[in-house]
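Letters go in sequence order (proteins before strands), and every chain restarts at 1.
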Amino acid sequence: MDPAPEFRLYNTLSNAVEPVVPREAGHLRFYSCGPTVYSYAHIGNFRSFLTADLILRTAEALGWRTTYVTNVTDVGHLTEDDAADASGEDRMAKALRSKEGERFANVWDLARYYTNELLADWNTLNLRDPAVRPRATEHIREQIAAVEQLIEKGHAYETEQGIYFSVASFEGYGRLSGNEAAEQLEQLVRDTVSDPGKRDPRDFALWKKDPKHLMQWYSPWGWGFPGWHIECSVMARAYLGDEIDLHAGGEDLIFPHHECEIAQSESLTGKTFSKHWVHTRFLQVEGEKMAKRTGNFFTVRDLVGTAASGGRGVDPLALRLALISGQYRKPFNFTKETLKASAKHVERFREILSAVDAAAAAGAGGADRVGERLDALYDRALAAMADDLNTPEAIAAVIEGFKLLGGMRAQLNAASAAGARAWIARVNALLGIVEHEKPLAERAADAKDADPDAVRIDALVAERYAARAARDFARADALRAELAELGVEVMDTPDGPKWKRASTL
RNA sequence: GGCGACGUGGCCGAGGGGUUAGGCAAGGGUCUGCAAAACCCUGUACAGCGGUUCGAGUCCGCUCGUCGCCUCCA
């Protein structure tokens, strides 16, 4: 094998691809901003979570240790959370009042429900678990303490309505987003209603006084709730320390969220908060921005669920593959065609995997004849991933490997099969697109696993198989047609008939 | 208006001064009652206009176009 390649990622701070250099050699400690759990997460959210997942997998494939923290935001994220004064409405409260929110007794219940659903979708897409998944509501004490310290250090001040971070007190504000000029920043917040007590329009809320808020805690400033930005500063520090190696999130978080995090954290510690900042570009769907109003808005379950439950029967790993088929930093067009192609690939991966397993068990003698070529392809895939997560190139190498195995599967001897099996395992560890790493019980139900008509379909398939064996092809074809009506496709294989649900894309 | 990204064959998407990306789709073939799968073969490309260069899809400039953030949103 080649020596381990250098891990390079684009850094928003420097606008350049740079080597990832952990503070502690060989141990990457990073934080990725998680979602606000006021609804089901959609595929766009997951594209960003997948970036973090791929950073994790690539680092581990390079032999590094990792400490990966990603949060759940369950309070404080407002509908107008720009650099302003927390004058918007809390997303959680708004969701509770919506039609979907009627089923929940209170915001806490709603947060719990969507957090659980997030984890189910997370597992469905074969994302690895973080070392810690902190929640904002479980770190209120730390947030209050941080706000107190910021006041002590002269970086924050109190008004009648809340506590604000003083942007003027932090020199580096605007460096990440490039919004450096004060007038630019003032421009950005021009339309928001201001707390008249604010000293500078750029100042943002650390704590909002609000004894009527649905989620409130007692603080030195009375009842209220924390500002959105402070939670990530506090949780990253709690689990990763004052200085972290890398911080990731969606591109929309560059400003104001991450800009504010840097200001708070660095004002608090006097140290560099994160060396590397990685942002995932928004995906588009069929060439358009994903939006509920245009009908191209998809959650994981919209695509992966059974047809009976309103889903489209897409294989979960096919969805994963489709979502990583474009590089995280480039404009990415998520299309049905890509999803179909991904489904084909995942299906073929599985077929070849079982052929490999069969060959390994059959035990024909001889030397390993594919190992070297597969190793080279793995090295190519890993090098591509290390090069700013070039997933298209990595996937191309993997497909080439499966093609190689597919072409010679009839002649695979035991030694080659064992080598192939090891290769597949490594590829899967790197990209997670061949085999699921999570048990079924921890995933959201998908079409393959829970077909309500399975018994009936099995019966029809068996009947067709019998008709075929009796050479009654007219009857067999009639049954094929009947199954097709049910949306089922039958394949005759050397191991007997197999069937699958045609996806309803 | 400020900041930024991108324009590659029917589609998705790598590459990035001289030698095939890859996939999907399409067409042809082998195989199998049918169908599917698998495997083999085939075609079409770098938005436009200038410039640098022995040579540009690849560098520079301009033009056109698309998109993102700054408002909800990863």
Q: Can you tell me, in whole Å, how much space there is between the C1' of B:C54 and that of B:G68?
A: 41 Å
Q: For B:C72 versus B:G17, give the span between their P atoms, rounded off to a whole number of Å.
A: 41 Å
Q.
Can you tell me which residue among A:H257, A:H258, A:Q264 is in a side-chain hydrogen bond (donor to acceptor under 3.5 Å, both in side chains) with A:H229?
A. A:H257
Q) In Watson-Crick or G-U wobble terms, both distances under 3.5 Å, what is the partner of B:G57? A) none
For nucleotides 25-29 of chain B, list the nitrogen or oxygen atoms of the protein found under 3.5 Å from its nitrogen or oxygen atoms, one pair per line.
unit_1, atom_1, unit_2, atom_2, d
B:A25, OP1, A:K344, NZ, 2.5

Q: Tell which nucleotide pairs with B:U30, taking only Watson-Crick or G-U wobble pairs whose two distances are both under 3.5 angstrom.
A: B:A38
Q | d(NE2, A:H279; P, B:C3) in whole Å | A | 19 Å
Q) What distance, rounded to whole Å, do you find between the two C1' atoms, one in B:C39 and one in B:G55? A) 40 Å
Q | Out of B:A14, B:C39, B:C69, whichever nucleotide has its closest atom nearest the side chain of A:D252 | A | B:C69
Q. With a 4.0 Å cut-off on heavy atoms, is A:G249 in touch with a base, just the backbone sugar-phosphate, or nothing at all?
A. sugar-phosphate
(Q) What's the closest nucleotide to the side chain of A:R409 if the choices are B:C24, B:A38, B:C34? (A) B:A38
Q.
Quick check on A:E171: does its CD atom have over 12 non-hydrogen neighbours (other residues, nucleotides or ligands) under 6.0 Å away?
A. no
Q) Where the side chain of A:E251 is concerned, which of B:G33, B:G68, B:G13 is the nearest nucleotide? A) B:G68
Q | A:E117 bridged to A:R301 by N-O distance under 4.0 Å | A | yes
Q | Gap in Å between the two P atoms, one belonging to B:C12 and one to B:U66, rounded | A | 16 Å
Q. Just by distance, with hydrogens left out, do A:Y239 and A:Y68 show a side-chain donor and acceptor under 3.5 Å apart?
A. no
**Q.** Spacing of the C1' atoms in B:G23 and B:A5 (rounded, Å)
**A.** 24 Å
Provide a list of protein-nucleic acid N or O atom pairs under 3.5 angstrom, restricted to nucleotides 65-67 of chain B.
unit_1, atom_1, unit_2, atom_2, d
B:C67, O2, A:R281, NH2, 3.1

Q) Does NZ or CZ of A:R133 come closer than 6.0 Å to the centre of the six-membered ring of A:W122, within 45° of the ring's axis? A) yes
Q | Proximity to the side chain of A:E351 - top-ranked nucleotide from B:C6, B:G33, B:A38 | A | B:A38
Q | Whole-Å gap separating C1' (B:G4) and NE2 (A:H258) | A | 17 Å
Q: Output yes if the stacking criterion (under 5.5 Å between centres, under 30° between planes) is met for A:F282 over the base of B:A74, else no.
A: yes
Q.
Measuring from the side chain of A:K330 (C-beta onward, heavy atoms only), which nucleotide among B:C69, B:A14, B:A38 has the closest atom?
A. B:A14
Q | Nearest-angstrom distance, P atom, B:U32 to B:A14 | A | 41 Å
Q) When we call it a touch if two heavy atoms are under 4.0 Å apart, what does A:F332 touch: a base, just sugar-phosphate, or nothing? A) sugar-phosphate
Q: State, with a plain yes or no, whether a side-chain heavy atom of A:I254 is found less than 4.5 Å away from one of A:W277.
A: no
Q. Would A:T299 and A:H42 count as having a side-chain donor-acceptor pair, cut-off 3.5 Å?
A. no
Q. Do A:D477 and B:G33 have a side chain to base donor-acceptor pair shorter than 3.5 Å?
A. yes
(Q) So if I take every side-chain heavy atom of A:N333 and compare against B:G23, B:C12, B:A74, which nucleotide ends up nearest? (A) B:C12
Q. According to a strict under-4.0 Å criterion, is A:R348 in side-chain N/O contact with OP1 or OP2 of B:C39?
A. yes
Q: Take atom CG of A:L127 and atom P of B:A74, then tell me their distance rounded to the nearest Å.
A: 16 Å
Q) Side chains of A:S48 and A:T51: donor-acceptor distance under 3.5 Å anywhere? A) no
Q: Please work out if A:L283 contacts a base, only the sugar-phosphate, or nothing of the nucleic acid, heavy-atom cut-off 4.0 Å.
A: base
Q: Describe the nucleic acid contact of A:H42 in one word from base, sugar-phosphate, nothing, applying a heavy-atom distance below 4.0 Å.
A: base
(Q) So, under a plain 3.5 Å distance rule, would you say the side chain of A:R480 forms a donor-acceptor pair with the base of B:G33? (A) no
Q: Tell me what A:N390 touches on the nucleic acid: a base, only sugar-phosphate, or nothing, going by heavy atoms under 4.0 Å.
A: sugar-phosphate
Q. For the pair made of CG in A:L50 and P in B:A74, what is the distance, rounded to whole Å?
A. 15 Å
Q.
Base, sugar-phosphate or nothing for A:R464? Non-hydrogen atoms, less than 4.0 Å.
A. base
**Q.** Side chain of A:K403 - closest among B:G23, B:G22, B:G33
**A.** B:G23
Q: Grab the CD1-P distance between A:I324 and B:G13 for me, whole Å please.
A: 14 Å
(Q) Between B:G61 and B:A26, how many Å separate the two C1' atoms, rounded to a whole number? (A) 40 Å
Q | Whole-Å gap separating C1' (B:A37) and CD (A:E347) | A | 8 Å
Q) Between A:A394 and A:A384, which heavy-atom pair has the shortest distance, and what is it? A) N-CB, 3.7 Å
Q. Is A:T338 touching bases, backbone alone, or none of the nucleic acid, heavy atoms closer than 4.0 Å?
A. sugar-phosphate
Q. What is the pairing partner of B:G4, taking Watson-Crick or G-U wobble pairs with both distances under 3.5 Å in any strand?
A. B:C67
Q.
Between A:T124 and A:D121, is there a side-chain donor-acceptor contact under 3.5 Å, judged purely by atom types and distance?
A. no
Q) In whole Å, what is the span from the CG atom of A:L321 to the P atom of B:G13? A) 13 Å
Q | A:N71 and A:E231: side chain donor to acceptor below 3.5 Å | A | yes
Q: Sticking with atom P, work out how far B:G48 lies from B:C64, rounded to a whole angstrom.
A: 16 Å
Q) What are the two closest non-hydrogen atoms of A:D74 and A:M92, and how far apart are they? A) O-CG, 3.7 Å
Q) Within the structure shown, what part of the strands sits under 4.0 Å from A:A341 by heavy-atom distance: base, sugar-phosphate, or nothing? A) sugar-phosphate
Q. So what's B:G16 paired with, Watson-Crick or G-U wobble, going by both distances under 3.5 Å?
A. none
Q: Take A:F30 and A:H247 through the ring pair (Phe, Tyr, Trp, His ring centres under 6.0 Å) test and state the conclusion after the steps.
A: CA-CA 6 Å; A:F30 72 109; A:H247 193 126; 9.7 Å; no
(Q) I need the CG-P distance between A:L389 and B:G15, as an integer number of Å. (A) 12 Å
